Structures are given as C-alpha cells and as structure tokens.
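Notes follow the structure.
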Amino acid sequence: MQGFNVLFPFGFHATGEPILGVVERLKKGDEAQKKVLLREGITEKDIEKFKDPKYIVRFWQKRIENDANSLGLSVDWRRKFTTIDPTFNRFIEWQYNYLKRKGYVIQATHPVVWCPHCNSPTGDHDRLTGEGESPIEYIIIKFNFDGKILPAATLRPETVFGVTNIWVRPDAEYVIAEVDKEEWIIAESAIAKLKDQLHHVKEKGKIKGKDLIGKYVENPVTKNKVIILPASFVDLNNATGIVMSVPAHAPYDWIALEDLKKTDALHKEYGINIKEIEKIKPIKLIDTPGFVDLPAKQMCSIFSVSSQLDKDQLDKSTNEVYKKEFHQGILNANTGKYAGMQVSKCKKELAQDFKKQGIASSIWELTGKVVCRCTTEAHVKILENQWFLKFSDPEWKRLARKCVDQMKFYPEEARKQFEEIIDWLEDKACARKSGLGTRLPWDPEWIVETLSDSVIYMAFYTISKYINEYNIEPHYLKEEVFDYIFWGKGDPKKIANKGISEELLKKMREEFDYWYGQDMRASAKELIPNHFTFSIFHHVAVWPNEPKRWPKAYTINGMQQMNGQKMSKSKGNYITIQEAIEKYSADAMRITLMDSTEGMDDPDWTEKATIAWKNKLDSIYRLVKENYGKGKGESNLDKWLVSRMQEHIKAITEHLENVRTKSAVTVLHLMLNDIQWYLRRGKKGKALDYSLEVFVKCLSPFTPFICEEIWQEMGKKGFVSKSDWPKADKEINKEILQLEEFVKKLCDDLNEVIKLAGKKDKLYLYVASPKEFDYYKEAKEFLQKEFGFKQVNIEKAAEAKHDPEGKAKRAKFGKPGIYLE
RNA sequence: GCAGGAGUCGCCUAGCCUGGUCAAUGGCGCCAGCCUUAGGAGCUGGUUCCUUAGUGGAUACGCAGGUUCAAAUCCUGCCUCCUGCACCA
C-alpha cells in the first residue's frame, strides 16, 4: 500500500529430534501421542502413516499452508522449502564449510549432562526430574595417603590452606582404583563418572571407611599432616565421597567437629583420644567485611545450627558464607602467594596452578539430581571432539555488536538484551548425532542441529523460487554456485553447469541482490538469547564486509496466552487456526490478536474480545454500506472531520511503522468514533466518503477479507489491499477542531444540567465570541434534536441586552452561558 | 543466583524518556435509556467516593521513603510477576 515490493516467504523447519520422537512414540504404541494427533482431526487409520517422518513433514506443511492462506497471509509459496530438502542441505553444507574455513566452527571438549543408558546428552526437556540442573566442576585436591591418594572434592579450592582434617563416611565401603596411573581411594559412584570424564579408571580393591579413620594424610599444598575423621554428612553420591574439612569457613565442618567433641564415640569406636580433636584449630584464611569471628562459627550461631543433622539450616548458612566470601572476601597471609587477592578473582587461577603442579584434578557433578526420561540417573560426561560455533571469538562478537548497533528493534527495550547476550555468549555446540537435518560435510556422523541450520535460511528464499521452478537437482548446487549467488564471486560463465545455466545463475544472483538483507523479522521474545542472536552472528560471518546483507530490524512479541494462561497441548487450552477461523472468522481473529497487546508483553486471547470484534466488524460493514456515497456539499463539519482524519492518518501510520499494532487499532476506534459523531451531527457532506475510504484502507491490513468486500460494495475497482495508503495531505483546520470541541463540551454540560434539573423545553445560549456564535448557530438544529428542545435560542452575549425577553435572564447570568427553562 | 522486561481506576491497555494541560487513553465488561416482533446485534449516556445547574473537594497509578512550588512521570530501598540461562526446539 505504500508502494514497495514486499517479499513474504514461508518455509518449514523440520530439523531435529521432535519429528523422529513422534515416530518413535507411535511405533511404541504411545497413547498420549495418538491422542494429540486425534485431537488434530487425524483419523485412526491415517495415524499409521505418521510412522514415516517424511509424511509427518508433508502433512503439517500442507496444514500450515492452508492455515496461512485462510488467515489471509499473502505468502509467496513459490519459494517454500523444508530444511530437510536435499537442495537446502547443500546450502547448509556451503554455509558450514565456509564457517569452518573461517575458523568459526571448531572442535572442542565439553561437559554435558549425560544419560549412560541412552548414551546421549540429556537436555532439560528429556528429564523426569532435574530441570535446570547443570554441570559444575569440583576441584579434587590430592591428599597424600601412604603413596595412595585421598582425593577430596571441593567447590572452594582456595580453602585448601585452611584444611584441618578429612571427612569420610565410616559406614561406607570405598574403592581403591587406579586413576591415570595413581592410586585413588574414592566412593564407588565416582568410578563411572571419572570414566566418562576422560580418566582411565581401573578398580583394584575395596577399603572400609572406618579403616581410614584416625590415619593421617598430607595436604599437598601446605604439606601439613591432617587426620581423617568420620562424618555422616558426607554424600557418597557426590563427587569422590571424600571431603576436606575447613572449619573456619565451612559451617558443616565446624559443626561436625563440635559434634565430635560432645561425645566420646570417637574414643570408643576408633580409639582416638579426644585431645586429637581438641587440638584442631580452625585456620582462617579469608577476610570478609561483616565476619568478625570465624565465619563458619558466626553463621552457625546466626542460623542456630546445633548439629550436623540440621541440614536445612546448614545449607542456608553454607550458601551465605560462600556468597559473601566469594564476592567480598580477600585471601589473607595464610594463603602464601595468593594473599591479598579477591576470592572471586583467584579461584580459577588457583585451581589451574594446582592442576599444573599435579596436586589437583577435577570431577564434574550436577547441581542437582537429574533423572533421564528412561528413568536412569544422569551424570556429567565430558564429550570429546564435539563441533562448536566459536561465538566466543572477539572479532566475531565485535561484528555482531556492530550489526546490533545498526539495527532497529521493535520494541526498542529489546536492544539491551541483545547487547547483553552477545557479551555473554560462549561457544555453542552446533551438531548432534541424531535427528533430522544436514550432515556436516567433513564429518558426516554429525548432523547440524536445529538452532544452527536456521540462521541464514532467509537468504535461501531469494533463490528457492528458481530451485523449485527449474527443479534443480541438489548436486548441481555446488559450492561455487552459492559463492557466486551470495557473494558475487567468480565468473558465471565458468560456474554454470548442466543443471543451472549461466542465465539462470545470473537471475538468481540478481534476485538475491535485489531482496537481501531482510528488512524485518518477527518472532517471540524467548528466541532472543538463541535464534535471533545466532542469526546476527551468522549473517556477519557470512557477509562480513557487506552490512547491507545483515538483518535490519527485529520485531519481538510475547507468547500468546489464552484466557490468561499459557497455551499448552497437555492442558488442552488451545484452539487450532482452522477451528478459530470457522468459529470467529479470520478477520475477527486477526484484529483481536493485533489488538490484544504490543511490545514484549504476553498477549492474551479471549473469546469474548473476539466475538465483540466480530460484531463490530458487522456493524462497520453496515455503517459503510448505509452511508457511503450519501454525502453532498461541504460545511464546517466536513472541515472538522477531514481535519480529524488527518491527525488519525498520521498517528496510525506512525504506529504501524513502529509495529505498534494495538495503538494502531486504537486509532481505528478513534476514526470510527469521529465518523459516528459526524453522522450524529446530522449533515452528510463530502467529508463522509473521504473518511470512509480512509477508514476502510486503514482497517484493511487488519481485516482484509471484510475490507475487500466493503471496497467492492463501495464500487471501487481492484483490491483495497493494493490501493494507496492514505496520506495526511489535507488541511487541518485547528480553529474548527477547537470549535467542535466546544460543541462536544456543551453537550456534556447540557447532559449534566438536564440530569440534575430535568428535561426542559427551551435552551438559551449566550455566546461571547463571534466565531463561536456563528459555529453554534450552525449546530442549532443538532442541539434541538439531540436534547429534544422545543426552542433553541443562540445569542451574542453582548447583544443580548437588546432582547427584552433576555433581560431578566441577563440579570441572572450577566455572563455568557447556558440557560434552560 | 545472573540477565532483560513489567506492575495504572472490574479486566486488558495508553501515558512515564522530555515532571504541571491526568481522576488519567482506547477497548472489553457492567449499568441505564433508545431502537426493535425479538436480540449475545446496533445507537446514546454513565461507570473511584462525596458534593453541585454545567461545580468544588477527597482519595488514587505495586509498597515505603525522598527530590520539587508541583510526581503515575525523577531518585532510593523493598515486594510481586513474566522471559531466558544453552547443546534443546
């Protein structure tokens, strides 16, 4: 409508696991899965066919195409494709070969949450329990134990300087195992973990926990000899099952030592003299504002912890100490060369140093229990040689930031988030071993995963039209073909092949050049940290020197809610597009959704609002039909309406430019209100046709179907959707706008007075300004009709004194005003 | 926990950047009147409380403070909600 060519393409993303998941579940006879399909209107008989992934893709593709058309989306279907089409696979191969050459695809080793039964990573959505839990690295400090190693695992390696003893579980059986040529004593559960974390582990024997107690080990950092003591709080399923004790800074350790002092169990069971315990002196090694005493002791008393069985309070106080010391703590003289450093700064460095010296190692644990869907408990595995996108690359980040700087965001609030994400983003695994998608050309056992093959596909739309039209076979889409189309690189004469002529090649290049980059992409806010941002990264990587190919604007919306709740298949609180259209019409659905919110808030859909819109659209239809073409002549009122419409046109145009659909709909209401007021005022002049045309045009992007109908009823040729968008190019008469406001105000006042004084027959209006006087005179009939007066007298206030009848009134009302009798 | 966004008169929303024109925009709902054979249709009016011939006042924009002649709007603290936190679409 604004005279631009618009490309609105539509494709189908089939990459990943979900489709195969459906197939799998159907093959297993999963009833819930069947139910979902039945709810979509698929017959029992047809469900068989859904065991073929290609059929699933075709089925939904057709369904979605139909939905898009029913909604009135003007999609260019010549360009459609799916991400599992072999021609698209060639495009992704081209993209990834390039990124690898550029050094943006790298191989790396990384910890993942792993199900040993499924033999694959366990994503958040694959878990029975433990959503949100993630890998965390425990540092293992290798305490010397008679040539063997007692590996104590800790999240606070800096506290190694304050170790006074080691904790083990007396009732447990530990394993003696050969770990990377050393002999370690560890909990049994640690073996599988260490094996999956790049350690060579061989079980050699067993040793009882209580047999360790009372023995001494050497702290590899301080060379101090410390005693091994029993503690019940040690969790054998966490890390190595060996814990170092730092009573100055760890509430658990502090209280466990206190517990030991209280009984003579130690002496009775292990023959350890109580004096051994009493001589243990906590070593404070971190100074933190707010901690005067020993931090562990202080926290235990604040949280009134009385024994190591007081788990809840202990966890709270541990967290508190950890947080405070991590953020504000400074290492003191007890820490040798690290003295004076902030805990938050030195933690990593210190662990690295210890590892280098061979006195530390690490074991990855989960932040909480994770159980895979297959009911197996997951642990952390270090996955080797996985393929990553190197989003950490500073130059790549720099270009991404530059792109964001040039972009527009609707709403603008989203920009900050993008900037934040780019800074925060680390290397991202870009391939998996299962699912649908494109195989990495150089390492075909890996498949490009779904968030990594959906980042520059928009460029593919510019040529998919020709691929579809000429039925180009995938093997003709060689690397140099894409090089030429997307970069203009090479000589088309030489690149042309049997499947793609030189002429066609040039056409594809031209088409790409004409359309790309994308002017606007719209999606939901949860895609900001991944999809949207990745797309920026990939664009700047593929076209580093051509900012004009980069994304220009993103529109970000909230997630559709239904009656205040998130729509979900399991809750069943959703409606299919077909159902909605049949029940409420596409127009009513469209405008209700556009009207529900804008920006990043979650829009809420309610049936009530939709029905209200449906009725309103009906009445709009009648209103236009009854009034269009009925106007003749021009009065001040026409000037008023035209002036009002100019303001509305400006407003709605600006709102739509900024993708504020709800605000735009509000303007439609205002237009309608003004047209209705104009009609109420009585005289139908030439502003009527003009305003109705403007209104229908402005409404048409929201409700195209009924607007085309109305347009035809109006006797217009062609489509309203192809007509020119209204311009605010008519005069705005500010004076008349003001005068009409006075009339409205007068009506309000009259309403008020009549309400209080009751209905009257005569209205006397004394007006001071000559302009108002003239204007009110024109409104005389209207006032009479509107309020049912038998007589309306409008007089200039100054002249009223010549009116004998008005004398008495003037005496009462000396000033301009209203008088009823 | 970290990051981003938000809390407005029954509900949804505008306003906040650039303080006053804000009892605060528009819609929905509700109430009344009109129209109509009828109406979940349409039209008109009302919709914080008190007061009033078209007025004046009180209380209001998550909570608590502060700045200012003046705050929904600026500042500080707190509470609540939404979104994301990765190998998953």
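Heavy-atom basis, side chains included; hydrogens, waters and symmetry copies ignored. Naming convention: chains lettered A, B, ... in sequence-line order (proteins, then strands); numbering from 1 in each chain. All figures in this text were calculated on a predicted structure; none of them were measured in a lab.
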Touch check for [X], heavy atoms < 4.0 angstrom, all strands: base, sugar-phosphate only, or nothing?
X: A:D618; value: nothing
X: A:T450; value: base
X: A:H110; value: base
X: A:L670; value: sugar-phosphate
X: A:K525; value: sugar-phosphate

- [ ] For the pair A:R644 and A:E740, find out whether any cationic side-chain nitrogen is under 4.0 Å from an anionic carboxylate oxygen.
- [x]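 Not counted as a salt bridge, because no side-chain N and carboxylate O are separated by less than 4.0 Å.
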Could you please name the partner base of [N], counting Watson-Crick and G-U wobble pairs only when both distances are under 3.5 Å?
N: B:G33; result: B:C43
N: B:C22; result: none
N: B:U59; result: none
N: B:A14; result: none
N: B:G1; result: B:C85
N: B:C74; result: B:G66

Open item on the list: For a quick test of reading the model, state the closest non-hydrogen atom pair linking A:W60 to A:E40 and the distance between them.
Closed with: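 What the structure gives for the nearest pair is CH2-CG, 3.7 Å.
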Open item on the list: Testing the basics here: between A:I528 and A:A414, what is the closest heavy-atom pair and its distance to 0.1 Å?
Closed with: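 Taking every non-hydrogen atom into account, CD1-CB, 4.4 Å.
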Task: Flag side-chain contact, heavy atom, 4.5 Å: A:R439 against A:W446 - done: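 No, side chains not in contact.
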Using the [atom1] atom on both, measure [N] against [M] and round to a whole Å.
N: B:U55; M: B:A23; atom1: C1'; answer: 15 Å
N: B:G20; M: B:C11; atom1: P; answer: 26 Å
N: B:G5; M: B:G57; atom1: P; answer: 40 Å
N: B:A89; M: B:C82; atom1: P; answer: 26 Å
N: B:C35; M: B:U21; atom1: C1'; answer: 39 Å
N: B:C28; M: B:C79; atom1: P; answer: 39 Å
N: B:A38; M: B:C22; atom1: C1'; answer: 43 Å
N: B:G66; M: B:G54; atom1: C1'; answer: 41 Å

Task: Main-chain N/O of A:I706 paired with A:D587 side-chain donor or acceptor, under 3.5 Å - done: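 Looks like yes, one N/O pair under 3.5 Å.
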Task: Main-chain N/O of A:C115 paired to A:T376 side chain as donor or acceptor, under 3.5 Å - done: no
Which nucleotide wins on minimum distance to the side chain of [X], given the candidates [options]?
X: A:E420; options: B:U44, B:A3, B:G26; value: B:A3
X: A:E426; options: B:A86, B:U83, B:C43; value: B:A86
X: A:A612; options: B:U44, B:G26, B:C28; value: B:C28
X: A:R680; options: B:A89, B:U44, B:C28; value: B:U44
X: A:P529; options: B:A3, B:G84, B:G42; value: B:G84
X: A:E17; options: B:A86, B:G26, B:A89; value: B:A89

- [ ] Map A:W424 and A:K416 onto RNA chain B by nearest heavy atom, then report which one ends up closer to the 5' terminus.
- [x] A:K416
Task: A:A609 or A:G16, whichever maps to the more 5' nucleotide of RNA chain B - done: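 So the residue in question is A:A609.
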Whole angstrom value for the distance that separates [atom2] of [N] from [atom1] of [X]:
X: A:R415; N: B:U83; atom1: CZ; atom2: P; result: 25 Å
X: A:E526; N: B:G5; atom1: CD; atom2: C1'; result: 13 Å
X: A:W605; N: B:C28; atom1: CH2; atom2: P; result: 16 Å
X: A:I611; N: B:G27; atom1: CD1; atom2: C1'; result: 16 Å
X: A:W613; N: B:C12; atom1: CH2; atom2: C1'; result: 14 Å
X: A:K625; N: B:G42; atom1: NZ; atom2: P; result: 18 Å
X: A:K608; N: B:G27; atom1: NZ; atom2: C1'; result: 14 Å
X: A:Q417; N: B:A86; atom1: CD; atom2: C1'; result: 15 Å

Open item on the list: If you compare every side-chain N and O of A:N673 against the phosphate oxygens of B:G27 (OP1, OP2), does one of them come in below 4.0 Å?
Closed with: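 Checking B:G27 against A:N673, a side-chain N or O does come within under 4.0 Å of OP1 or OP2.
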Open item on the list: Can you tell me how the ring of A:F537 sits relative to the ring of A:F391, calling it parallel under 30°, perpendicular over 60° and tilted otherwise?
Closed with: tilted
